[in-house]
Peer 1: 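Here it is: the structure, laid out below.
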There are 2 protein chains.
Amino acid sequence: MEIEKYQSGQDFIGFVNNLGALEEDVAAMLSRQLETLYCKKGEAILVQGATCRYLYYINSGLVKTGFESSDRTFIMRFFAEGEMFTVLDSYLSQKPSTYEVVALEDTVITRILRTEMDKLCTRFHAMETFFRKLVSMASVNMMSRIGEILEEQASARYENFLKENPELLQRISLGDLASYLGITQVSLSRIRAGL
Amino acid sequence: MEIEKYQSGQDFIGFVNNLGALEEDVAAMLSRQLETLYCKKGEAILVQGATCRYLYYINSGLVKTGFESSDRTFIMRFFAEGEMFTVLDSYLSQKPSTYEVVALEDTVITRILRTEMDKLCTRFHAMETFFRKLVSMASVNMMSRIGEILEEQASARYENFLKENPELLQRISLGDLASYLGITQVSLSRIRAGL
DNA sequence: ATAGTTTTTTATCTTTTGATAAATTTTCGA
DNA sequence: TCGAAAATTTATCAAAAGATAAAAAACTAT
């Protein structure tokens, strides 16, 4: 995992601007705090037990966020290029994370330290607004995920995933998809066979 | 459902101050926008298909937020006195809600219009910070709920609920608890019987 | 290309949960 | 207090998903 400081982070900035335009000087200050990460496929970006100190933006590649339970593992969400993510509870509490983040492909990431993000949010209302919108979007996604898990059987959740994320299906293993759906890999295989 | 305008809304203000102190004049402006709602047990505070225009604070009582599916119903969360809530997706998008909110007891609520909240957030950085923290807390709760539903069987989720919310158990029906756990009332009865 | 590893499928059997119906208990209003 | 309605439990059978093992297919590195 290579780290490069002082990258322009244009994609990251663009993402922020998309949720609400920043003034030039704020964008410049933000840009100065970004660094770029080059992760190999399979590499852990955050391990369970570590504290998540960054907000991340994916320039290219794909990651999974999840956790290991007794023996199985579960995936909370996949994030692909153009998406921003963090491990929210650990990021906010600055306590060790029960979740891990692993690259599923060679992945290029731009990140900013939470401490720097906090400074910017305190100083610039627009940054706080951006972060509020970001967390709001995450919440809405999680709401619908909860609703779906409660309501639908695994087979329907699989069908929905196909419909909503056809492009992702080519890029993730069926094992990981099963972990996301909350079933075993064997069960998913059975569902796919249409039994 | 009776509505009373120009209440002081001290509890609501107190909740906000708890997440980050407001200046006197901001608190006063906020206070002016609050109104109080008196709901009877069983009354709908928001029906499916209506748009959620308010952020709510519960002074006393208990509500459930959930949705009706094909035939069963599901509960996203219970909110009791001292908690703030809204139907986030509808509140943010101002589109019809797929979720409903129903009072489980006679409930007194203080609410503020989203349009007024937005004005305050735009005008006062501290209000935006408050709302960001509120949504952040909701997100963290939802994360752990997703993790738990994925990981645990219904029986373990029931045990956890007992441990985490012993006081609520006395106040909600087992049918509603089953809807929250994502199982049928009959299944919950079986789990309680310890089979 | 091929041997070895990993991923996916198939098969069998068990456990959990759902559907349905009926019995029992509780709640609540007249 | 009584009786109807609602909530909860119990029982039976069916469907969905887990555990395990083994076979087949797909990837990978030499």
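Nothing here was measured: the structure is a model prediction, and the numbers come from that model. Here is how names work: the chains are called A, B, and so on, in the same order as the sequence lines, proteins then strands, and each is numbered from 1.
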Peer 1: Count I, L, V, M, F, W, Y as connected when their side-chain heavy atoms are under 4.5 Å apart, and connections chain through other members. Are B/L134 and B/Y56 then in the same cluster?
Peer 2: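 Yes, because B/L134 and B/Y56 connect within a single hydrophobic cluster, where side-chain heavy atoms sit under 4.5 Å apart.
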Peer 1: With a 4.0 Å cut-off, would you call B/E116 and B/K119 a salt bridge?
Peer 2: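 A salt bridge links B/E116 with B/K119.
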Peer 1: Over how many whole Å does the gap from A/R192 atom CZ to C/dT8 atom P extend?
Peer 2: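 My rounded result for the distance is 8 Å.
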Peer 1: Return each pair, listed once, that meets ring pair (Phe, Tyr, Trp, His ring centres under 6.0 Å) where at least one residue sits in residues 159-184 of chain A; pairs must be two or more places apart or across chains.
Peer 2: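 Found A/F78-A/Y180, A/F161-A/Y180.
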Peer 1: Can you tell me which nucleotide in C/dT8, D/dT9, C/dT17 comes closest to the side chain of B/S189?
Peer 2: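 Between C/dT8, D/dT9, C/dT17, the one nearest the side chain of B/S189 would be D/dT9.
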Peer 1: Quick one: B/L174 CG to C/dT24 C1', roughly how many Å, whole number?
Peer 2: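 The distance from CG of B/L174 to C1' of C/dT24 comes to 15 Å, rounded to the nearest Å.
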Peer 1: One thing to verify: whether A/E148 and A/R157 come together as a salt bridge, which I'm taking to mean a side-chain N less than 4.0 angstrom from a carboxylate O.
Peer 2: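 The answer is no: the pair does not qualify as a salt bridge.
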Peer 1: Classify the ring geometry of A/H125 against B/H125: parallel below 30°, tilted from 30° to 60°, perpendicular beyond 60°.
Peer 2: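 Rings of A/H125 and B/H125: parallel, under 30°.
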Peer 1: If the helix axis at each end comes from five base pairs, how far does the helix from C/dA1-D/dT30 to C/dA30-D/dT1 deviate from straight, to 10°?
Peer 2: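 Roughly 50° between the end axes, to the nearest 10°.
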Peer 1: When you measure from the side chain of A/S97 to the backbone of A/Y99, do you find a donor-acceptor pair of N or O atoms at a distance under 3.5 Å?
Peer 2: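 Pair found, side chain donor or acceptor close to backbone of A/Y99.
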Peer 1: Take atom CD1 of A/I172 and atom P of C/dT7, then tell me their distance rounded to the nearest Å.
Peer 2: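 Rounded to whole Å, this separation is 14 Å.
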Peer 1: Would you jot down, in residue-number order, the residues of residues 155-166 of chain A having a non-hydrogen atom under 4.0 Å from DNA chain D?
Peer 2: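 Under 4.0 Å from DNA chain D: no residue of residues 155-166 of chain A.
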Peer 1: For the pair B/E151 and B/R145, find out whether any cationic side-chain nitrogen is under 4.0 Å from an anionic carboxylate oxygen.
Peer 2: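 B/R145 and B/E151: not salt-bridged.
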Peer 1: Please confirm whether the backbone N or O of B/M127 pairs with a side-chain atom of B/T129, one donor and one acceptor, at under 3.5 Å?
Peer 2: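 A pair under 3.5 Å: no.
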Peer 1: Provide, to the nearest angstrom, the distance between the CD1 atom belonging to A/I149 and the P atom belonging to D/dA16.
Peer 2: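 Value for this atom pair: 19 Å.
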Peer 1: Let me know the distance between CD of B/Q185 and P of D/dT9, rounded to the nearest Å.
Peer 2: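 That distance rounds to 7 Å.
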Peer 1: In this structure, how many angstroms lie between the P atom of C/dT17 and the CD atom of B/E152, rounded?
Peer 2: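 Between P of C/dT17 and CD of B/E152: 11 Å.
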Peer 1: Return the CE to OG distance between B/M76 and B/S179, rounded to the nearest 0.5 Å.
Peer 2: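 Result: 12.5 Å between the selected atoms.
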Peer 1: Which pairs would a plain distance check flag for residues 85-92 of chain B, meaning a side-chain donor or acceptor within less than 3.5 Å of a matching protein atom at least two apart in sequence or in another chain?
Peer 2:
residue: B/T86; atom: OG1; partner: B/Y54; partner atom: O; Å: 2.8
residue: B/S90; atom: OG; partner: B/C52; partner atom: N; Å: 2.9
residue: B/S90; atom: OG; partner: B/K95; partner atom: O; Å: 2.6

Peer 1: Applying side chain to side chain contact (heavy atoms under 4.5 Å, CB included), can you list everything that pairs with A/A50, at least two apart in sequence or on another chain?
Peer 2: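 Only A/L46, A/V47 meet the side chain to side chain contact (heavy atoms under 4.5 Å, CB included) criterion with A/A50.
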Peer 1: For nucleotides 18-30 of chain D, read 5' to 3', which letter fits each nucleotide if B means a protein heavy atom sits under 4.0 Å from the base, S means only the sugar-phosphate is that close, and - means neither?
Peer 2: BSB----------
